[in-house]
Each structure stands twice: as structure tokens, then as C-alpha cells.
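The chains referred to below are lettered A, B, ... by the order of the sequence lines, with proteins before strands, and numbering in each begins at 1. All of these numbers come straight from a predicted model, not from anything done at the bench.
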Amino acid sequence: MTKVRTRFAPSPTGFVHIGGLRTALYNYLFAKRHAGTFILRIEDTDRTRFVEGATENLIHALDWAGLVPDEGPSSGGDYGPYYQSQRTGLYQKYARDLLDKGYAYYAFDTPEEIESMREKVRQAGAPPPKYDFHVRLNMRNSLTLGETEVQKLLDEGTPYVIRLKIPEDRTFDVEDKIRGRVSFNSSQVDDQVLIKSDGYPTYHLANIVDDHLMDITHVIRGEEWLSSVPKHLYLYECFGWQSPVMAHLPLILNPDKSKMSKRDITSLDDMPSGKVDPDVASYIKKGYEPEALINYIALLGWNPGEGDERQIFPVHDLVQEFSLERVNKAAAVFDLKKLDWINSQHISLKDTKELVERIKPQLAGKGIVPESDEYLVRVVDLLKTRMSFIDQFVTLGEYFFCEPEQYDPVTVKKRWKDDSVKLILEFIEEISKLEMFDKAGMEQALHRVAERNDAGAGRIIHPIRLAVSGTGVGPGLYELLEVLGRETVINRLKKGIKDIPKMKQ
RNA sequence: GUCCCCUUCGUCUAGUGGUCAGGACUCAGGAUUUUCAUUCCUGCAACAGGGGUUCGACUCCCCUAGGGGAUGCCA
């Protein structure tokens with residue numbers, strides 16, 4: 001069997017679409033699953049849309065996501081160049097070949113002429129006309145003009161395009177890996193421009209030529225390409241090449257089921273209702289873990305199958321289990337809530353040491369120097385299951401490193417009672433006597449105070465947490481106290497009973 | 001308009017003729033001998049509609065509706 005080769009072939013428009021990332025992911029997974037090669041090819045044949053830095057941005061996003069191409073602009077490879085803009089000679093050559101064989105023709109119509117043709121028909125009837133077999137004999141092209149006239153126009157340097165001459169009544173069938181058999185009739189297909197008047201190829205020509213020359217075995221791309229398949233199939237036929245296996249992926253939609261568009265969005269924290277940001281860079285910036293985003297979008301259209309109810313997949317497992325047969329046909333809605341949950345799951349699963357290293361700079365940025373690595377490890381262990389994002393660490397756990405400067409007013413109002421001072425004083429007394437300042441001892445101490453005062457544990461727990469951390473939420477109280485240490489706890493409790501009552505006045 | 005694709009809980013989905021239609025997120029309630037944003041448990045909630053085929057349809061066929069894509073010298 002030939003070696004699997006897949007390609008991700010984005011056009012560098014300036015940002016990476018979340019759907020594009022998923023396409024890249026599926027191409028990557030499929031290639032890796034079959035010990036094949038994953039290729040990045042830049043489809044930059046639209047010079048009017050050239051965006052400075054777009055390719056770098058693209059490569060950076062793939063890199064971040066861990067989808068590093070085996071071949072591509074920054075990886076090299078034997079099938080380069082990997083920029084289509086650097087392959088124009090090739091496309092010219094193959095277009096000429098089509099011309100010679102009569103599969104394609106020159107067309108000299110200006111955009112204005114075509115527009116006026118369309119306008120005329122539009123006014124006469126209803127259906128907006130295509131440049132196809134209905135109209136091609138009424139236009140200015142090498143089918144209607146005669147050889148000498150064509151040669152003359154060419155010699156004069158008249159702008160022209162090369163169009164594919166689609167046969168009139170043909171059926172094209174594709175056996176799509178995801179959708180099964182799909183058929184098209186050529187009567188619905190227009191005479192696609194192959195070479196534009198600026199000499200650059202269109203996507204349709206370039207992708208066929210490159211996929212063939214680069215030995216691509218499987219074309220995995222978005223559903224928006226499905227209706228172009230007959231053109232592509234016909235091109236393969238004209239060239240006498242074998243078509244790669246095709247798989248058309250479903251779309252990813254906004255919560256309101258519209259297409260995800262960059263236009264809708266200003267920032268990830270401020271999205272119009274029903275919309276979601278399609279720009280991968282926004283997710284990077286917001287602090288999502290790459291594995292989490294990958295995990296989430298993998299599940300947006302793929303699942304491991306019957307009886308397998310896992311939600312959390314390391315990339316390695318995805319590679320192991322991915323198959324095109326298990327990709328869904330229907331479009332999926334992007335759900336930020338589930339992404340966030342998956343992100344928190346991945347953080348919980350991370351090695352504490354790794355988290356510690358990533359958290360250090362965060363602390364340093366706040367001017368916080370932990371007393372020791374060992375202490376930091378204990379704090380991270382306590383908090384890692386509670387973080388949705390790693391950059392929440394300081395907000396969540398600042399009190400582990402500095403005395404609280406203020407007490408959350410809502411919690412004060414809700415939890416601080418008239419007897420709080422008394423209860424805390426008794427608690428201080430109890431823990432001062434403790435032989436071992438540990439969870440068990442603290443729990444017993446607390447319950448002794450509770451019983452003695454005929455109060456629920458909560459009546460003491462809440463004020464203690466508040467005095468010690470300044471907040472109403474956090475890890476288990478006993479663990480929290482244990483990590484903080486006796487001296488700190490007692491100091492903070494004393495400070496709390498002095499300062500918090502002032503807030504109640 | 002035409003062509004193509006799609007349609008199971010709010011969302012992601014399992015399911016390939018006989019299931020109490022399962023799981024996950026969200027939400028609600030509860031438990032951890034009454035912290036919480038962790039963990040655990042419970043609950044709410046779906047086969048778009050109509051025709052067939054069949055002893056029997058979420059599963060197969062047809063129609064309708066809805067959604068999406070294409071219809072460019074953009075990809």
C-alpha cells in the first residue's frame with residue numbers, strides 16, 4: 001500500500017479559523033494514524049487578498065496546537081515549493097496541456113462583459129446564468145473566435161483567462177469517505193476559470209496539480225468544497241491522473257447556527273449573543289491549553305464510537321483511534337462551556353511540576369516570591385482542580401502568598417455573625433494546643449468548638465476561611481489551613497477578628 | 001431560483017429493525033456527618049413532520065419542512 005499523505009491547504013487570509021484548525025487536525029490525525037505524512041501547503045494564489053504575516057501566523061497557530069507539518073514552508077520536504085505562488089510555472093504548463101488536448105479554452109471576455117451578459121439574462125428570465133455550455137458559444141473565446149483571431153489577440157497581449165470546457169451531460173460520482181456516494185450532473189457545473197488574467201491559477205487547477213504532484217493520497221477538507229468536486233474529478237480525468245480519496249468535513253457553526261465569522265467578534269470576552277469567535281489566535285490569547293482545544297474540536301464531529309464514553313483525549317489517543325468513518329456528517333455548534341470544562345479537565349490532569357514552572361512567572365509578575373518550591377507545589381496541588389485557566393492561579397490563590405488585604409464584602413455580610421469572634425478565639429485556643437498541625441487535628445478542634453457552642457460546623461468554617469483568605473471560596477478548609485501553617489493561620493485569624501467586625505458597622 | 005449536503009435531549013453525541021433511546025457539557029437538587037468553582041450521586045431534557053416497507057421502525061424508502069453549502073478571474 002502506498003504511504004498516506006495528507007495536506008492542510010489554507011489560504012493565508014490573516015487569521016486561522018477554528019474550522020480550519022479542525023481540518024488541519026483531522027488531516028494530521030489521519031496521516032499519523034497511518035504512519036503517513038502531514039503536509040502544509042499555502043494556497044496564496046489570490047494576490048488581491050495577500051495579507052502580510054499571515055503565513056507566519058498560520059504556522060505559529062499550528063505549532064501551538066502541536067500539529068507540526070512533516071513537509072511545508074518551514075519544514076521543508078521533497079515536494080516543494082510549498083507556496084503556490086512559487087509554482088505558477090507548473091500551473092501554466094499543465095493549463096497549456098489542457099489547452100492542447102482541447103479540454104480547455106482561452107476566454108477574452110472582460111469581467112464587465114461577463115457581468116453584462118449575466119445582467120441581460122437576469123432581466124430576461126430568472127436563473128442567474130453561469131459561464132457554461134449555454135453561453136460559451138456567445139462569448140469571446142477560442143471556441144468562437146477562430147484560430148488566427150485568437151492568435152492575434154494573444155500576440156497583442158490581450159488579457160485572457162483559461163477556462164475548463166465542462167462536457168454537457170455527464171454524471172460525476174464521488175465516493176466520499178464521510179458522506180458515501182455523491183453524484184453530480186455536469187449541466188450544473190460552469191466552465192471554471194483555471195488560469196486568471198494575472199497568470200495565477202485558481203484554487204481548482206492549483207489544488208489538482210499540487211495534490212497530484214505532491215502524491216496526496218487523501219483530501220480531507222471542508223464541506224464548502226463538496227460542490228466543486230465534479231470540476232476536480234473532471235480535471236483528474238483530463239490529466240489522466242487518479243483522484244485521491246476524498247472526505248468532506250461538516251461545518252462548525254455559531255450557537256445561533258450561523259456560519260462562524262470574524263466579523264461578528266471584537267473580543268472573546270465580549271461576543272454578540274449567538275456568536276462565537278472563529279479566530280484561533282483569540283483562544284491562544286485567552287489561555288486555553290492547546291491539548292484542550294484540540295480535544296474539544298476533535299470531538300466536534302468525531303467520536304470514538306459505541307460504548308466508548310470518554311470525553312478527555314490526549315493527542316496520542318486521538319492519533320491512535322481517529323478514523324474518517326467515524327466523522328459525523330452534520331454541522332456542529334461550537335459550545336464554549338464545554339470547551340472550558342475540557343480545559344479545566346486537562347489542567348487537573350497535568351503534572352503539578354509542569355504547572356509550577358508555568359505559574360512561577362505569573363507570580364513573579366505580581367511580585368510574589370513563594371517561600372519554597374515545595375510550598376508552591378502544595379498550593380498548586382490544592383488549586384489545580386479548581387482552575388479553568390492557568391492564569392487564574394494568582395487570583396485564586398494569592399492569599400497563599402500574602403496576607404489578605406481586604407475581605408470580600410458579600411461573604412462578610414453573609415457569613416460573619418455576632419458570635420464569629422468568640423468562635424474564632426476558641427478555635428485559636430484549640431489549635432494552639434494541637435500537637436500536630438494537620439487536617440485531622442484541625443477538624444477535631446473545629447468540632448470541639450462547634451459542639452461546645454452548640455453551633456453547626458459551617459458557623460465556624462465560614463468565618464475562619466474569610467479571616468484567613470479574605471474570600472468565601474477555595475479548597476477544603478482543613479487542607480488550606482494545613483498548608484498555610486499554624487503561625488500564619490493564627491496571625492490572620494487574630495487580624496480578622498480585629499478588622500472584619502469594623503466592616504459590619 | 002438551481003444543484004449538493006445535513007436533521008436524536010438547549011449543545012456535542014452513541015445508536016445501523018425489537019434499547020426503559022445511552023453518555024458528556026449546561027442547568028437544578030443532593031452527598032462529601034452542613035465551605036466552594038473540585039469530586040461523587042440524582043434529576044430535567046431528544047428521535048423535525050407526514051406517508052410508506054415490515055409482525056415490528058430513531059434505524060430502510062419517498063415527500064414536506066427547516067438548516068447549511070455552492071452557484072466568482074475567493075479560497
Side-chain angles (χ1 to χ4, degrees), chain A residues 9-13 43-46 48-49 107 109-111 114-115 125-132 159-163 176 178-179 182-185 187-190 192-204 206-207 221-230 248 250-251 253 255 257-259 296 299-312 328-342 344 348 382-388 392 396 411 415 447 450 456-466 469 471-478 480:
Chain A
S11 71
T13 55
E43 309 239 332
D44 55 349
T45 55
D46 186 354
T48 63
R49 284 219 214 163
D109 320 275
T110 63
I114 293 173
E115 189 38 48
K130 286 191 268 279
Y131 199 120
D132 62 8
Y160 66 88
V161 300
I162 297 174
R163 284 182 182 272
D176 188 280
I178 293 169
R179 285 152 210 286
V182 182
S183 351
F184 306 85
N185 190 284
S187 63
Q188 299 296 326
V189 182
D190 65 335
Q192 180 61 50
V193 170
L194 265 15
I195 298 282
K196 301 181 253 188
S197 57
D198 63 5
Y200 281 85
T202 57
Y203 170 85
H204 305 281
N207 110 85
R221 82 244 275 199
E223 191 186 1
E224 67 269 28
W225 294 111
L226 190 56
S227 40
S228 300
V229 163
H248 289 89
L251 263 33
L253 303 175
K257 309 253 184 174
S258 62
K259 203 174 171 182
Y296 177 65
L299 256 23
L300 226 44
W302 173 87
N303 71 81
E306 184 179 7
D308 193 335
E309 275 147 3
R310 282 174 297 166
Q311 305 288 325
I312 303 304
N328 252 345
K329 295 191 213 341
V333 169
F334 194 90
D335 180 14
L336 268 179
K337 286 256 178 61
K338 183 144 187 187
L339 204 212
D340 286 352
W341 177 77
I342 287 182
S344 68
S348 303
L382 234 43
L383 288 178
K384 73 174 180 180
T385 56
R386 281 155 209 277
M387 292 190 280
S388 284
Q392 285 176 331
L396 243 37
T411 309
R415 304 294 198 188
H447 281 106
R459 202 158 174 92
I460 318 177
I461 286 171
H462 296 292
I464 293 175
R465 172 187 300 281
L466 181 63
S469 73
T471 79
V473 298
L477 181 72
Y478 308 118
L480 163 62

Practice problem: Summarise how protein sits on nucleotides 37-43 of chain B as a single string, 5' to 3': B when a protein heavy atom is under 4.0 Å from the base, S for sugar-phosphate-only contact, - for no contact. | Solution: BBS----
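- Remark: B/U16 base-pairs with no nucleotide in the shown strands. Criterion, Watson-Crick or G-U wobble with two distances under 3.5 Å.
- If you run side-chain contact (heavy atoms from CB on, under 4.5 Å) between A/Pro201 and each of A/Ile195, A/Ile162, A/Leu194, only A/Ile195 comes through.
- A/Ile312 has its CD1 atom 13 Å from the C1' atom of B/C12, to the nearest Å.
- Qualifying salt bridge (charged side-chain N to carboxylate O under 4.0 Å, His left out) partners for A/Arg179, counting only residues two or more places apart in sequence or in other chains: A/Glu223.
- Between the CG atom of A/Asp340 and the P atom of B/C12 there is a distance of 17 Å, rounded to whole Å.
- When each of A/His462 and A/Ala331 is assigned the nucleotide of RNA chain B bearing its nearest heavy atom, the one mapping closer to the 5' terminus is A/Ala331.
- In this entry the distance linking CG of A/Leu300 with C1' of B/C12 reads 7 Å, nearest Å.
- The partner of B/C3 is B/G69, by the rule that a Watson-Crick or G-U pair needs both atom distances under 3.5 Å.
- At whole-Å resolution of the value, CG in A/Leu339 and C1' in B/U26 are 14 Å apart.
- The partner of B/A48 is B/U64, judged by Watson-Crick or G-U wobble contacts that both fall below 3.5 Å.
- Contacts of A/Ala457 with the nucleic acid, taken as non-hydrogen atoms under 4.0 Å apart, include base atoms.
- Put simply, the side chain of A/Asp335 gets close to the backbone of A/Lys337: a donor and an acceptor are under 3.5 Å apart.
- When the side-chain hydrogen bond (donor to acceptor under 3.5 Å, both in side chains) test is applied to A/Ser348, no partner is found at least two apart in sequence or on another chain.
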Quiz prompt | B/S/- contact track for nucleotides 70-75 of chain B, protein heavy atom under 4.0 Å | solution = SSSBBB
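- Nearest-nucleotide positions on RNA chain B for A/Asp335 and A/Arg465 put A/Asp335 closer to the 5' end.
- Every residue meeting the side-chain contact (heavy atoms from CB on, under 4.5 Å) condition with A/Ala331, not counting sequence neighbours, appears here in chain and number order: A/Leu251, A/Leu253.
- Protein atom CG of A/Leu251 is 19 Å distant from nucleotide atom P of B/C4, rounded to whole Å.
- The CZ-P distance, from A/Arg179 to B/G68, rounds to 15 Å in whole Å.
- Side-chain nitrogen and oxygen atoms of A/Asn328 include at least one within less than 4.0 Å of the OP1 or OP2 phosphate oxygen of B/U13.
- Looking at residues two or more places apart in sequence or on another chain, you find a salt bridge (charged side-chain N to carboxylate O under 4.0 Å, His left out) between A/Asp190 and A/Lys231.
- B/U8 and B/C47: their C1' atoms are spaced 4 Å apart (whole Å).
- For B/A28, the paired base is B/U42 (Watson-Crick or G-U wobble, both distances below 3.5 Å).
- Nucleic acid contact class of A/Gly222 (heavy atoms, under 4.0 Å, all strands): none.
- Under the rule for a side-chain contact (heavy atoms from CB on, under 4.5 Å), the partners of A/Val161 that lie at least two apart in sequence or sit in another chain are A/Ala107, A/Arg163, A/Val193, A/Ser197.
- Taking atom C1' on both B/U59 and B/C74, the two are 41 Å apart, rounded to the nearest angstrom.
- Ring geometry for A/Tyr296 versus A/Phe334: interplanar angle over 60°, hence perpendicular rather than tilted (30 to 60°).
- Within the 4.5 Å cutoff, no side-chain heavy atoms of A/His248 are placed close to those of A/Val182.
- Under the rule for a salt bridge (charged side-chain N to carboxylate O under 4.0 Å, His left out), A/Glu309 has no partner lying at least two apart in sequence or in another chain.
- For A/Arg415, the side-chain contact (heavy atoms from CB on, under 4.5 Å) partners are A/Thr411, A/His462, not counting sequence neighbours.
- Atoms NZ (A/Lys338) and P (B/U26) sit 9 Å apart, rounded to a whole Å.
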Tabulated below should be each protein N or O lying under 3.5 Å from an N or O of nucleotides 57-67 of chain B; please produce it.
none

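- Applying the side-chain hydrogen bond (donor to acceptor under 3.5 Å, both in side chains) rule to A/Thr45 yields no partners; only residues at least two apart in sequence or on another chain are considered.
- Residues satisfying the salt bridge (charged side-chain N to carboxylate O under 4.0 Å, His left out) test with A/Asp46, not counting sequence neighbours, are A/Arg49.
- Using a 4.0 Å cut-off, some side-chain N or O of A/Asn303 falls inside it from OP1 or OP2 of B/A14.
- Taking atom CH2 of A/Trp302 as the reference point, atom P of B/A24 lies 17 Å away to the nearest angstrom.
- A/Pro475 comes within 4.0 angstrom of a nucleotide base, judged by non-hydrogen atoms across all strands.
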